[in-house]
Protein chains: 2
Amino acid sequence: MSRKRITSKELAELVGVSSATISRAFSPDARIGEETRSRILAAARKYGYQPNAIARSLNNQRSRLVAVVVNAIGNPCEAEEQQLLVHALQARQLLPIILCCGDHSDRLQLMRLAATYQVDHVVIFSDMVSLRDAVDIFPTTKPIIVSFEPLDNEDVSAIRIDGSAAADEIVDRLATNGKSRFTYLSGTSSSWIDKLRRKWFADALARRGLAFVADATGTYSYDSGFKEAVPLVHRFKTDAIICGNDVMAIGARDAVKRVLGKSVPEDVAVVGQDGIAMAAWDCNDLTTLSLDHVAFINAVVELIERHQAGDDKPDTITLTCSTRWGATA
Amino acid sequence: MSRKRITSKELAELVGVSSATISRAFSPDARIGEETRSRILAAARKYGYQPNAIARSLNNQRSRLVAVVVNAIGNPCEAEEQQLLVHALQARQLLPIILCCGDHSDRLQLMRLAATYQVDHVVIFSDMVSLRDAVDIFPTTKPIIVSFEPLDNEDVSAIRIDGSAAADEIVDRLATNGKSRFTYLSGTSSSWIDKLRRKWFADALARRGLAFVADATGTYSYDSGFKEAVPLVHRFKTDAIICGNDVMAIGARDAVKRVLGKSVPEDVAVVGQDGIAMAAWDCNDLTTLSLDHVAFINAVVELIERHQAGDDKPDTITLTCSTRWGATA
DNA sequence: TCCTTATGTGTACACGTTTACACAACATGA
DNA sequence: TCATGTTGTGTAAACGTGTACACATAAGGA
């Protein structure tokens, strides 16, 4: 019984006006008689007419679609930002198209597909896609990158995140508590975000004449944190594990306690990164280098709004991380 | 420097053919000379031409967009399904538009906005939108509903989930272990999904001459599980809390252990629902009524594929839940 | 009275594709 | 030889909007 959607020309016929007038009834600041408009809106409600956004986009050269490039949806470490962003977009009548690039075989093709939909903005959270590819695939839409290092490309806007001060704070407290055999558990081997996060801590250690005694690499997942922590403790006698994100930190803590039978933080301290909600749960109470997710998304939205308003001047906003002190370090 | 995107007519000019031939070069089974096609594809690569999907959608009456209506992105209880679905869609060259309806002030308007984009399919995970509204807003696109109760509308396809057998199993074991003062912690007061989940357990209890001694209502969140569990134990002396989802179960368990100082499951058993990955983490090891997420999404994708192929006959697929036995019950 | 200006509406085209139709060139079979 | 079919390509219309332009009407000022 699914009746076809009514078109502006058909509605015009029914109301007794031209299709142009229908269009005017739906744009707030168009020259149209007050009486005509209300007659049209009433008829639209009656017949279930809604302007076709696809046709409008083709005409306008504005789709009001936003490509959001992420690694995964499920992983809590990105989920909070995604949720905030989607809400902010929806409040502005923009629709998000999510691209999961994390384990997708051909990220570039996926991004090209999204590009054919003439998205108005591109937000890149994923560290799996290079800046170079992004501007290549979206030549007309300047992407907004979530960056952890200075960009050499002046055509893109970016949010830069600086955790060096917080890392320094954390290392300071750990060293004061007698820790000396620091190790780093990466989330991935290929990401420059991960490399820079490590560098914040490595620099803080260096300032005190210390260095990581060992490194391991996981997959940003609980299981990988659990598994990789074991040799760090066993073979390298670490007494402080810095993890690439909070989920791995929880995994590492579980391994230290359950598999190795050691206490946290007395025997081995565990530090996370991200500051996700779960870190504050009573059963976790994680010490973590945390980012203010709200400020972060506000910055992204700010850039999008400027871009939407036609301001093509790219800009970079820098945010500073803070520390959440928990029971694990 | 963002050069404008090249159009099919312009490319035609460059290659020396008509724009129709350009189009043919991009559709696999069109009548076109092999030599011409490769010449066009080479030129397309050279000038960065990609067909405009918006224009194609307008012409085709097929957008290859899929509206995915969810409560929230962040909440782990839905995230796994979302991730699987998005991947399946991307593999089929379909793009998901996520609609977060959970705490959105005007869900209906949000859905109407998506409807104007002429989405090909609609998948409704959220229990916050009624079937009636959905078919109303997407009259031309038959929605696929994740349903927990028999549908009275023959125009929609649905996945139905049946957890009664698993609930029976769980109640059986708890009763055998001497539990008798069961309580239910809902995730929301307004959802019929939640009501049906509760009914699975209520029926299982009834079969043994038992009934819930008290009810509480949270918000599907850790914090609400933590908070609502306290009075259930204190005032109602419950010895078995059935929770609306896993996250609340983790919160409830924490409250029982840390705030009330009781042991789980000896003093109070805690049961979750969903079977999310986190439930299996060493620190949680939750007993939970769990759904096979892969089978679930496979069913959704199956319905989408049929619909995409032009099969308009609605169908209902039923899935049965199983039990994950952990250390909390 | 006429000129000017504001207001409301219709006409026609553009946005970038896809595709039905027509047609030319060429091959095939009798 | 001609009728028939196949192949490759161009022409033109359609998809459903938004909007520049033209125009008719009404209002206001001299």
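If you're wondering where the values come from, they're calculated on a predicted model, not measured in any experiment. Throughout, a chain's letter reflects where its sequence line sits, starting with A, and its residues are numbered from 1.
- An OP1 or OP2 oxygen of C/dG10 is reached within less than 4.0 angstrom by a side-chain nitrogen or oxygen of A/Thr21.
- In terms of polar N and O atoms assigned as donor or acceptor, the side chain of B/Arg24 comes within less than 3.5 Å of the base of D/dG10 in a complementary pairing.
- Listed pair A/Ser19 / D/dG16 fails the phosphate criterion, with no side-chain N or O lying under 4.0 Å from OP1 or OP2.
- Summary of the strand contacts: B/Gly16 and A/Phe26 both lie near DNA chain D, and taking for each the nucleotide with the nearest heavy atom, the more 5' one is attributed to B/Gly16.
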| query | Yes or no on side-chain contact (heavy atoms from CB on, under 4.5 Å) for A/Leu94 and A/Gln308, after CA distance, side-chain angles and deciding distance? | reply | CA-CA 10 Å; A/Leu94 295 168; A/Gln308 180 86 358; 4.0 Å; yes
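- Applying the 3.5 Å distance criterion, the base of C/dG16 shares no donor-acceptor pair with the side chain of B/Arg5.
- Contact check, B/Ser8 against C/dG16: no side-chain N or O comes under 4.0 Å of OP1 or OP2.
- Between the CD1 atom of B/Ile32 and the P atom of C/dA25 there is a distance of 19 Å, given to the nearest Å.
- Across the protein-nucleic acid pair, A/Arg31 atom CZ and D/dA22 atom P stand 13 Å apart, rounded to whole Å.
- Separating the OH atom of B/Tyr49 from the P atom of C/dG16 is a distance of 10 Å, rounded to the nearest angstrom.
- Summarising the geometry, the separation between CD1 on B/Ile6 and P on C/dG16 is reported as 11 Å, rounded to the nearest angstrom.
- When the nearest nucleotides of DNA chain D are assigned to A/Pro51 and B/Val17 by heavy-atom distance, the more 5′-ward of the two goes with B/Val17.
- Closest heavy-atom contact between A/Cys100 and B/Gln83: SG-OE1, 3.6 Å.
- Note on the helix from C/dT1-D/dA30 to C/dA30-D/dT1: terminal axis deviation equals 50°, with five pairs used at each end and the result rounded to 10°.
- The interatomic distance linking B/Ile54 (CD1) with D/dG18 (C1') rounds to 15 Å, in whole Å.
- Using a 4.0 Å cutoff on non-hydrogen atoms, the parts of residues 55-64 of chain A near DNA chain C are A/Leu58, A/Asn59, A/Gln61, ordered by number.
- In terms of phosphate contacts, B/Thr36 brings a side-chain nitrogen or oxygen within less than 4.0 Å of OP1 or OP2 of D/dT9.
- Between A/Thr7 and the phosphate of D/dT17, there is a side-chain N or O to OP1/OP2 separation shorter than 4.0 Å.
- The nearest whole Å value for the distance from the OH atom in B/Tyr117 to the P atom in D/dC15 is 22 Å.
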